[in-house]
Amino acid sequence: MKIATWNVNSIRARLPRVLDWLEAARPDVALLQETKVADEQFPAEPLEELGYNLATVGEPGRNGVAILARSPIEDLCRALPGDADDQEARYLEGVVNGVRVASVYVPNGTSLGSPRFAFKLTFLDRLKTRAQKLLEFEESLVIGGDYNVGPYPIDVYDPAALDGTICYHPEERAKLRALLHLGLYDAFRTVEPGSRAYSWWDYQGRFFRANQGLRIDHLLLSPQAVDRLETCAMDAAERAAKAPSDHVPVWCTLRD
DNA sequence: ATGGTGGCTTAGCCA
């Protein structure tokens, strides 16, 4: 079973890239973020024609998450619990072929000390509470998404220079590690303990040309899913495509 | 030298 996560930065702007990639990569499940579209505007038809079932949580013009799956998507949870005031479309959970999956778009945080940064830290706390509950089921669980945090020095292009900046601030790194301390496993780091690989590069051209990126898109697995983990990789070639997202797909395969 | 990229809500804002 192949499960991918990809921040597409607008499903409408990225539709040709997404369709090409789905046809080539053929994931069983694709967890998308930043679809940037209301549910009734989501371009469902071309995706359904490729054989995917869809679940979406969107809003006009920003945020937005989706699950695409070849099998039916059951037991949906359409918001991250813990904050009744949070109406942003950043969390969608379902069960596909007995595997519980979630598509998560963690807030970027905008700038240190801002209300948006506080929202990011609180969101990560809420995600920890949700993950703790899901781990109690003792089943295969994959929480994939754009976490907007590089967890360790190896995950960013210049850890000394970036230390304390957005997506690599000690407070947010600690929040992401708190998820790992629950007993979730970072699929990429489990398979590739020493590899330097990035999932995001700033749109400004010099960053990708110099391979100055961050590994901020993650697949976090329960022990039952890690037991089935075969491979995990990034499709970095997507970043070199014409009109790319600033993120690339990250995918893993689980044994049946 | 304060730019530089992209998407959306088409004018700044967010990323």
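Note that these values count all heavy atoms, side chains included, but never hydrogens, waters or copies made by symmetry. Throughout, protein chains are lettered first and strands after them, A, B, ... in sequence-line order, and every chain is numbered starting at 1.
Remark: C1' of dC8(B) and CD of Glu88(A) are 15 Å apart, rounded to the nearest angstrom. Rounded to whole Å, atom C1' of dC13(B) lies 13 Å from atom CG of Asn63(A). At whole-Å resolution of the value, CD in Gln41(A) and C1' in dC8(B) are 13 Å apart. In this structure, OH of Tyr203(A) is placed 13 Å from P of dT5(B), rounded to the nearest angstrom. Separating the NZ atom of Lys36(A) from the P atom of dC13(B) is a distance of 15 Å, rounded to the nearest angstrom. In this structure, Phe208(A) atom CZ and dG6(B) atom P are separated by 13 Å, rounded to whole Å. To the nearest angstrom, C1' of dC14(B) lies 14 Å from CZ of Phe119(A). With rounding to whole Å, Leu112(A) atom CG is found 13 Å from dA15(B) atom P.
When the C1' atom is used for both dG6(B) and dA11(B), the distance is 15 Å, rounded to whole Å. Taking atom P in both dG3(B) and dG12(B), the straight-line distance is 15 Å, to the nearest Å. For dT9(B) and dG4(B), the P atoms lie 23 Å apart once the distance is rounded to whole Å.
Residue contacts shown for Tyr105(A) are limited to sugar-phosphate atoms, with no base heavy atom under 4.0 Å away.
Place Gly205(A) and Asn108(A) on DNA chain B by their nearest nucleotides, and Gly205(A) ends up nearer the 5' end. DNA chain B is contacted by both Gly109(A) and Gly61(A); Gly61(A) maps to the nucleotide lying nearer its 5′ end (nearest heavy atom per residue).
Leu134(A) has its side chain out of reach of Ser222(A): every pair of non-hydrogen atoms, C-beta onward, lies at least 4.5 Å apart. Using a 4.5 Å heavy-atom cutoff, the side chains of Leu19(A) and Leu47(A) are in contact.
Distance from the side chain of Arg62(A) is smallest for dT9(B) among the nucleotides dT9(B), dG4(B), dA15(B). Closest approach to the Arg206(A) side chain among dA15(B), dG4(B), dC8(B) is made by dG4(B) (side chain taken as heavy atoms from C-beta onward). Nearest nucleotide to the side chain of Ser10(A), out of dT5(B), dC8(B), dA15(B): dC8(B). Closest to the Arg116(A) side chain, of the nucleotides dA15(B), dT9(B), dG7(B), is dA15(B).
Within the structure, every side-chain polar atom (N or O) of Arg14(A) is placed at least 4.0 Å from both OP1 and OP2 of dG6(B). The side chain of Thr110(A) places an N or O atom within less than 4.0 Å of a non-bridging phosphate oxygen (OP1 or OP2) of dA15(B).
Ser140(A) and Arg228(A) share a side-chain donor-acceptor pair at under 3.5 Å. Donor-acceptor pairing under 3.5 Å is recorded for the side chains of Lys36(A) and Asn9(A).
In Lys128(A), the NZ atom is not crowded: 12 or fewer heavy atoms of neighbouring residues, nucleotides or ligands sit closer than 6.0 Å.
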